[in-house]
Amino acid sequence: MSVLVVRNIGTIVSGDITAPITAGDTIVIRDGTIESVGDSIDADGVVIDAGGATVMPGLCDNHVHPVIGDYTPRQHQVGFIESCLHGGVTTMMSAGEPHTPGRPKDPAGVKALTILASKAFANLRPAGVKVHAGAVMLEPGLTEADFAEMAAEGVRLVAEIGISGVKDPDEAAQMTRWAQSQGMKVMVHTGGASIPGSGVIGADFVIKVQPDVAGHTNGGPTALPLSDVERILEETEAHVEVVHNGNVKAAGAVAALLVERDELHRLVIGTDSPAGSGVQPLGMLRTMSWVSSLGGVAPAIAVAAATGNVAGMHGLNTGAIAPGREADLVISDAPLGSQADDALGALSIGDTPAVAAVIIDGTTRVRKSRNTPPPVRTVGLPA
Ligand SMILES: [Zn+2]
């Protein structure tokens, strides 16, 4: 039995959009699970002194394009997942593995690759990061039985529709119904073409398909018109995603639209990386700062859009600081030199917060990020 106690916390950001700040200064973790959250809780165990810094849930990147292992052929880069951990990311959701060299497009090959990616990442957590991969790329010829077979093998995700062979909205809608009936979550690519082979997709397509997520509504990389985002909000129940690999101005505009419509529970944040724009280890934190500083989203709500909103949609027991949740936490602060006083203040002025420590399942995985500036406050970690 192991107990980790995080004390002297300045602010606890819950990840729960309905109550984004939790009162208290202490989090007690037992055997990798959050046991209690509150004020000066009496508990014996290994102590982290947060030194007045902010604690938020580990970030859940809703849009990642992994392949197999901690390597991306897209940028010939090794260790990108571990690098993102240093940006506070503890969970990654695949939006497809399109960068697989020689990716097969026949139904048997598609199924095999999807099941392989799903099972390989279930067996492997690079640097501790929980990568949920095996997102099926829709190709003509897949049948209802194929979706049932993949679901039985553990596949839970459909890759962003529009970047693979299925381009017809009726065919995409049919496969989406098959996938959703098996409990899979479905994303549609929106906006301009990302790479050769992908298409331009607007509101009409998304409304026809009725996915769970309208992917990168601020562009991946080219944004669709804001009026299309409005129609998606009106005519679907999909979450709307804002990503790092998009249009910065549109990120602010989509966020502001959600504030105006009081629909921030539908906002999910991702990076859409690796991509042509590269790998962005701080992409989640930066996108959170964009929606907050440019879109007027309260910073604790921006945290929820990058944690609890994503985990909730996918039915994961992470992404929130509450008893019973997996103890995936980021200790964060204003970066040294910032005009802000703390991590939330940094987000609200467009700075990227500092990551002082990252904890996954109660195990400290990062002791001062190598990728962010140092924190203002001193966080005391056990030797
Ligand atoms: Zn895309």
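It should be emphasised that the depicted structure is a prediction, and the values quoted were computed from it without experimental measurement. For ligands, and for the atoms within them, numbers begin at 1 and follow the listed sequence.
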Is the distance from the Zn ion (ligand 1) to the nearest N/O/S atom of Asp272 under 2.8 Å?
no

Please indicate whether Asp262 has more than 12 foreign heavy atoms, meaning atoms of other residues, nucleotides or ligands, lying under 6.0 Å from its CG.
no

Determine whether a donor-acceptor pair (N or O, by modelled atom type, separation under 3.5 Å) exists between the side chain of Thr287 and the backbone of Gly283.
yes

So which of the N, O or S atoms of Glu160 lies nearest the Zn ion (ligand 1)?
OE1

Does atom CG of Asp170 have more than 12 heavy-atom neighbours from other groups under 6.0 Å away?
yes

Give the name of the N/O/S atom in His189 that lies closest to the Zn ion (ligand 1).
ND1

For Val355, does its backbone N or O pair with a side-chain atom of Thr372 as donor and acceptor, under 3.5 Å?
yes

Can you tell me which N/O/S atom of His216 has the shortest distance to the Zn ion (ligand 1)?
NE2

